[in-house]
Visitor: 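Quick one: this structure, given as structure tokens, is what I'll be asking you about.
Since we're looking at a predicted model, the values are computed, not measured. Both ligands and their constituent atoms are indexed starting at 1 by order of listing. Residue indices begin at 1 and follow the sequence shown. Note: hydrogens, waters and symmetry copies are ignored here, and every other heavy atom, side chains too, is used.
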Amino acid sequence: MDTVLQARWPEIMEHFDKSIRSSRFYTFATTTPEGEPHMAPYASLILNDDCTGYYSDVFPDKTSRNLKANPNICISAVRMGFGLWFKALLKGSFPCWPCIRLYGTVGPSRKAEPGEIDRWRRHMKPYRWTKGYKLLWADIRTVRDIRFQRFEPIQLGQMPIASNGRP
Ligand SMILES: Cc1cc2nc3c(=O)[nH]c(=O)nc-3n(C[C@H](O)[C@H](O)[C@H](O)COP(=O)(O)O)c2cc1C
């Protein structure tokens, strides 16, 4: 594993937490068995303290089929807060990373441990009385682990990222 990833993991976790609050989803990129790129939105990713994470594979989908043939994944997380972008545009620099990519390897679907699903379901708590919540998230039982190997901040043209990208 990349030592830079390990050193900066706490900041990466903070970035992912802030980006799910502002963007509502992450983008998962995989490769089809034919070698075509494939992207899909996922909201359930949770990062652990040790450069790993997991997400709920609620629906059988193309992403899961792709991962069977090639377990490599690239995940991007964008911070979309209006305040952050407005201030960055005014100053001509970002106070933190606007977007980063994480590269990793996805494990097989497994039964979730007690509490694992609740860690990400807390974002949906305000909606738990809705019909949609019951249809989508009330009965989730499985997750897939991801082991991350490296990360890349995404630069936006000439806009510098202050303090070496520290949030
Ligand atoms: C905003 C958003 C968040 C989503 N989050 C998840 C998720 O966390 N887990 C999941 O299994 N599906 C999630 N989905 C559904 C998948 O993106 C969906 O099943 C999609 O069809 C997968 O694409 P694919 O079949 O092309 O791989 C989400 C969809 C949207 C629009």
Visitor: How far apart are the closest heavy atoms of Ala43 and Arg24, and which atoms are they?
Guide: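 Minimum heavy-atom separation between Ala43 and Arg24: CB-O, 3.6 Å.
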Visitor: With a 4.0 Å heavy-atom cut-off, what residues sit around ligand 1?
Guide: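 Close residues (ligand 1, cut-off 4.0 Å): Phe25, His38, Ala40, Pro41, Tyr42, Ala43, Ser44, Ser56, Asp57, Val58, Phe59, Asp61, Lys62, Thr63.
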Visitor: Evaluate the ring planes of Tyr26 and Phe16, with Trp represented by its six-membered ring, and classify them as parallel (under 30°), tilted (30 to 60°) or perpendicular (over 60°).
Guide: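 Correct class here is tilted.
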Visitor: Decide whether a cation-pi geometry holds between Arg150 and Tyr103; the criteria are a distance under 6.0 Å from NZ or CZ to the six-membered ring centre and an angle within 45° of the ring axis.
Guide: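 Ring-cation test returns yes.
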Visitor: Do Asn70 and Thr30 pair up side chain to side chain, a donor and an acceptor below 3.5 Å, judged on atom types alone?
Guide: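 No donor-acceptor contact under 3.5 Å links the two side chains.
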Visitor: Return the set of residues passing ring-ring contact (aromatic ring centres under 6.0 Å, His included) with Tyr42 (not counting sequence neighbours), or none when no residue passes.
Guide: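 Testing Tyr42 for ring-ring contact (aromatic ring centres under 6.0 Å, His included), a comparison that skips the adjacent residues, returns Phe28, Tyr55.
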Visitor: Assign the ring pair Phe82 / Phe86 to parallel, tilted or perpendicular, where the plane angle (0 to 90°) is split at 30° and 60°.
Guide: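 Ring orientation, 0 to 90° scale: parallel.
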